Amino acid sequence: MMHQPAPGGVVPPPQMTGDPQQLQQYQQPTPQQWMMMQQQQQAPPQPVPPPAGWTPQPVPPPSQMQQYQAVQGAVGAGEIRSLWIGDLQQWMDENYLTGIFAHTGEVLSAKVIRNKQTGLPEGYGFIEFISRGAAERILQTYNGTSMPSTDQAFRLNWAALGPGEKRQDEGPDYTIFVGDLAADVTDYMLQETFKAVYPSIKGAKVVTDRTTGRSKGYGFVRFGDENEQIRAMTEMNGMLCSTRPMRIGPAANKKPLTMQQYPKGYQEALILGGLDLYQLK
DNA sequence: GATGAGCGC
């Protein structure tokens, strides 16, 4: 196992006594506010505005965070020290997120992304730590384990961008399906397996069960270069990743190309064929 | 087990 208990200085949470990858049905003593909110939430499945009293207490940042705020400027600028967190439930707010890691003293802030129109959480957020190392420890230690007060697994990853940065299209992705993966294969391992031979690799993702966080045994690898995608389909089929040979197939692309990504002649054919432009945007 | 969906104003 690559994972290790958090090194000195960081008190591991109580559920972290064993292998973090072994999911536990551990239930932490439940803060009442969260439970109450959870119940409110479950009763009427509301599409629209958060009930008043959604947030039990406004978030006064713990005083220790302010100390670290000062440190922040000294920390390497441009260093990514935020984690992206997904699969959040609706009642999980900034308080909840910072609370989880408060004992480390290394959390700077948390942000839950909400829909601008409805104000409802989008199901993901960001957590900023005092350093990349701190964030990495959290990622290693918690990813895949149960979130407090739930049997929902943490889904954590590096934040790809800093706040305010724009995600730019680097062109289309060429994706392959990879099946027969061993249970221990992670996004990172999958990507590394291809990286040396296919430099255009953009990312790899192992599909996991939403609640347990366990691998479903298949995933996707994205390339920037179509030729590398095509080569990988044959060259990597049957190659070992972790302990098992991969079975590679074409990816069923759920996300259609944008109109600009089609070759010119093909665009016209689509239009003549009555395919609406807006379906492709 | 067999075709996801996840990046901030």
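Fair warning: this is a prediction, and the values are worked out from it, not measured in the lab. Naming: A, B, ... by sequence-line order, numbering from 1 per chain.
Per the geometry, CD1 belonging to A:Ile80 stands 11 Å off C1' belonging to B:dC7, to the nearest Å. The distance from atom CD of A:Glu122 to atom C1' of B:dC9 is 14 Å, rounded to the nearest whole Å. In this structure, the CZ atom of A:Phe220 is 13 Å from the C1' atom of B:dG1, given to the nearest Å. Taking atom NZ on A:Lys216 and atom P on B:dA2, their separation rounds to 9 Å, with Å as the unit. Regarding A:Lys202, its NZ atom lies at a distance of 20 Å from the P atom of B:dA5, rounded to whole Å. Across the protein-nucleic acid pair, A:Tyr218 atom OH and B:dA5 atom P stand 7 Å apart, rounded to whole Å. One interatomic measurement links the two molecules: CD1 of A:Ile176 to P of B:dG4, which rounds to 16 Å at whole-angstrom precision. At whole-Å resolution of the value, OH in A:Tyr188 and P in B:dG6 are 24 Å apart.
Distance from the side chain of A:Trp84 is smallest to B:dG6 among B:dG6, B:dG4, B:dG8. Counting only heavy atoms from C-beta on, A:Ala251 has its side chain closest to B:dT3 among B:dG6, B:dT3, B:dA2. In the set B:dA2, B:dC7, B:dG6, B:dC7 carries the atom at the smallest distance from any side-chain atom of A:Ala159. In the set B:dT3, B:dG6, B:dG8, the nucleotide with an atom closest to the side chain of A:Asn157 is B:dG6. Between B:dG8, B:dG6, B:dA2, one nucleotide has an atom nearer to the side chain of A:Asp180 than all others, and that is B:dA2.
Dashed line: the shortest gap from a side-chain N or O of A:Lys116 to OP1 or OP2 of B:dC9 is under 4.0 Å.
At the heavy-atom level, A:Gly179 lies under 4.0 Å from base atoms of the strands shown. A:Ser215 comes within 4.0 angstrom of a nucleotide base, judged by non-hydrogen atoms across all strands. Nucleic acid contact class of A:Asp209 (heavy atoms, under 4.0 Å, all strands): none.
Annotation: proximity of residues 230-239 of chain A to DNA chain B (heavy atom, distance under 4.0 Å) is found for no residue.
Salt-bridge check for A:Glu106 with A:Arg137: passed, with a basic side-chain N closer than 4.0 Å to an acidic carboxylate O. A salt bridge links A:Arg81 with A:Glu128: the distance from a Lys NZ or Arg NE/NH1/NH2 to an Asp or Glu carboxylate oxygen falls below 4.0 Å.
Every ring-ring contact (aromatic ring centres under 6.0 Å, His included) that A:Tyr218 has, sequence neighbours left out, goes to A:Phe177. Residues satisfying the side chain to side chain donor-acceptor pair (under 3.5 Å) test with A:Asp180, not counting sequence neighbours, are A:Arg244. For A:Lys111, there are no side chain to side chain donor-acceptor pair (under 3.5 Å) partners at least two apart in sequence or on another chain. With sequence neighbours left out, the side chain to side chain donor-acceptor pair (under 3.5 Å) criterion links A:Gln229 to no other residue.
For the pair A:Tyr124 and B:dG6, the ring geometry does not qualify as stacking, because the centroid separation below 5.5 Å and plane angle under 30° are not jointly satisfied.
Taking the ring centroids of A:Phe154 and A:Tyr142, they lie under the 6.0 Å cut-off.
Here A:Tyr124 is tied into one hydrophobic group with A:Trp84, A:Ile113, A:Phe126, each link being a pair of ILVMFWY side chains closer than 4.5 Å.
For B:dG4, the base adopts the syn conformation, since its glycosidic angle falls within 90 degrees of zero.
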